[in-house]
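Inspection log for the structure reproduced underneath, given as structure tokens.
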Amino acid sequence: MFGSPQFARAWYPVPGIGSLHWKTMPPSSSLKAVRGTRDLLPPETALWNRIEQTARNVFARYGFGEIRTPIFETTELFARGVGEETDIVSKEMYTWEDRARAQSEKAQSLTLRPENTAGVVRAYIEHKLGETGQLQKLFYIGPQFRRERPQRGRYRQFWQIGVEVLGPPSSGSESPVRDAEQLEMLATLLDELGVRNWQLQLNSVGSSEDRKRYDVVLREALAAVKDRMCPDNQRRAETNPLRVLDSKEPADQEIIDALPKIADYLGEDSRAHFQAVLAALDACGVPYTVNPRLVRGLDYYTRTTFEFTIPSGDQAGSGLGTQNALLGGGRYDGLSEMLGGPKAPGIGFAIGEDRLVLTLQAQEEMDRNAGAAGLASETWVQKLDAYIAPMGAERNAAALALARELRRAGVSVEVGDGTFRLKKSFDAADRVARHIVILGEDEVATNTATVKTFATGEQVKVAKADLGKMLSHEGARA
Ligand code: HAM
């Protein structure tokens with residue numbers, strides 16, 4: 001309907017000063033989702049739901065509870081939390097001035113959340129969760145917004161499945177056990193989802209004191225080479241040298257590889273903490289690679305930082321092109337204090353759900369091409385239990401009543417239309433359901449239905465009272 005010529009000629013509202021003006025839409029224009037955003041439609045949404053359900057199941061087994069924070073926050077929260085010099089805050093935020101409407105309201109600068117760690121820590125402080133003395137184990141699933149150049153695996157509205165574990169030091173929030181447990185949980189989640197070929201890379205970016213020491217050394221080293229670097233890196237060398245290490249600029253890679261490594265400037269505590277994380281991962285059998293350049297693009301990180309990637313290339317099947325980071329995370333031991341809260345060390349991660357979907361789809365495609373039926377190739381679109389085909393319009397009401405009864409008994413049902421010819425009913429049923437339930441004059445009169453099972457070709461007449469058991473998934477498996 002929206003693409004129809006009538007709609008193009010319809011009236012639509014234009015915000016004006018003090019009132020709405022109406023004018024006709026130019027016939028050539030068509031409404032589309034905004035660049036970098038997209039609609040998620042069935043059947044793909046079934047895969048999204050399966051991912052989210054699996055994540056919820058895994059998180060529940062590890063003792064996490066769900067937190068839902070607002071989609072927008074004050075701009076200041078992200079400037080202070082994520083860091084003013086980061087790409088996210090300096091270039092990518094959707095920010096607007098929210099004008100005061102009433103005397104009780106203040107005008108303020110608001111921003112669509114580009115990530116959710118800052119919002120969760122804000123909520124932790126606001127609700128005084130630290131006063132419980134308990135470790136807070138929280139997860140969230142929701143959209144985030146960054147004005148990035150859209151490409152495969154990179155969108156302006158994207159979804160994250162994230163986790164934050166934080167609490168007062170007395171709750172054990174600083175323990176390397178927390179880091180290793182979270183990484184082990186991620187390995188379990190990816191395995192349960194059927195994601196293959198993931199690689200865990202991790203590093204320690206040290207405490208804020210270690211970072212200060214390293215910053216001096218890095219600035220000195222960069223001063224000698226920055227003239228040979230791209231303009232972005234020249235700027236970062238001055239404003240936030242650590243960000244140079246994240247740079248993907250191909251021409252600068254050789255110079256960056258030769259810069260001093262943060263691992264050589266870690267204090268004894270940070271070094272011991274990192275070694276304990278690695279030892280716990282070894283004990284759990286979680287494979288990893290230490291990547292000394294992994295500093296991540298947000299300023300709040302301290303000590304452990306990590307990413308799970310899927311190598312690009314046909315063999316691994318990431319489906320992500322150059323955006324190969326499936327998820328990222330790390331410790332943020334000073335973030336709560338940076339936001340004016342109590343000491344609350346923490347560690348978390350966020351999975352890019354869009355990228356997880358692309359990866360699972362690519363790996364499933366590979367399985368199909370190879371003729372294999374692995375976990376990832378398990379079909380995620382479930383067929384309905386039954387399609388009810390009324391024979392003649394007079395049977396429509398009876399069909400709907402039967403559908404109501406079966407649905408209430410837990411059977412998934414689609415209802416056809418009595419005007420359809422038998423062949424059309426069979427074709428429609430075969431596309432969406434495992435059984436067709438034919439409801440003709442005779443069946444309605446005798447309280448029965450004729451059921452054909454597509455997988456076996458078997459056709460039987462069944463008493464209405466036995467239909468539910470026969471059609472349901474459980475009945476099919478028995
Ligand atoms: P991040 O590395 O900025 O970290 O994002 C985490 C993940 O979100 C990325 O690895 C990627 O999969 C996905 N992602 C980021 N930007 C986009 C985009 N434009 N389109 C699609 N996917 C994207 C954070 O956001 C931190 N808050 C993670 C964290 C939680 N650290 C501690 N706790």
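Counting starts at 1 for both ligands and their atoms, in listed order. Below, all heavy atoms of this structure are taken into account, side chains as well, without hydrogens, waters or symmetry copies. Along the sequence shown, the residues carry numbers beginning at 1.
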Which label fits F59 and F64: parallel for a plane angle under 30°, tilted from 30 to 60°, or perpendicular past 60°? tilted
Report the C-alpha distance between I310 and N324 in whole Å, list the side-chain angles of each, state the deciding distance to 0.1 Å, and finish with yes or no for side chain to side chain contact (heavy atoms under 4.5 Å, CB included). CA-CA 6 Å; I310 307 282; N324 69 350; 5.5 Å; no
Polar contacts were defined as any N/O atom of the residue lying under 3.5 Å from an N/O atom of the ligand; does this apply to R154 and ligand 1? no
With heavy-atom distances below 4.0 Å as the criterion, list the atoms of ligand 1 near G329. 31 (N)
Those atoms of ligand 1 less than 4.0 Å from some heavy atom in L298: 3 (O), 4 (O)
State whether the shortest distance between N or O atoms of L326 and N or O atoms of ligand 1 falls below 3.5 angstrom. yes
Relative to the heavy atoms of E115, which atoms of ligand 1 are at a distance of less than 4.0 Å? 25 (O), 26 (C), 27 (N)
Hey, is R296 one of the residues with a heavy atom under 4.0 angstrom from ligand 1? yes
For the pair Q253 (side chain) and E249 (backbone), establish whether a donor and an acceptor sit closer than 3.5 Å, ignoring hydrogens and angles. yes
Checking side-chain hydrogen bond (donor to acceptor under 3.5 Å, both in side chains) for the pair E115/T117: CA distance, chi angles, key distance, verdict? CA-CA 6 Å; E115 63 98 56; T117 309; 3.2 Å; yes
Can you find an N/O atom of Y332 closer than 3.5 Å to an N/O atom of ligand 1? no
Residue-ligand contact G162/ligand 1, heavy atom below 4.0 Å: no
4.0 Å heavy-atom contact, L327 with ligand 1: yes
For R50, does its backbone N or O pair with a side-chain atom of T54 as donor and acceptor, under 3.5 Å? yes
Is the terminal nitrogen or CZ of R113 (NZ for Lys, CZ for Arg) located under 6.0 angstrom from the six-membered ring centre of F78 and within 45° of that ring's axis? no
Charged tip of R156 within 45° of F145 ring normal and under 6.0 Å: no
Determine whether any heavy atom of G330 lies closer than 4.0 Å to an atom of ligand 1. yes
Y140 N/O under 3.5 Å from ligand 1 N/O: no
Looking at ligand 1, would W159 count as a contact under a 4.0 Å heavy-atom criterion? no
Specify whether Y300 and Y332 have parallel, tilted or perpendicular ring planes, treating 30° as the upper limit for parallel and 60° as the lower limit for perpendicular. perpendicular
Would D354 count as a polar contact of ligand 1, with the cut-off being nitrogen or oxygen pairs under 3.5 Å? no
Return yes or no for this condition: an N or O of F158 is under 3.5 Å from an N or O of ligand 1. no
Applying the side-chain contact (heavy atoms from CB on, under 4.5 Å) criterion to L202, which one of V277, T305, N291 satisfies it? V277
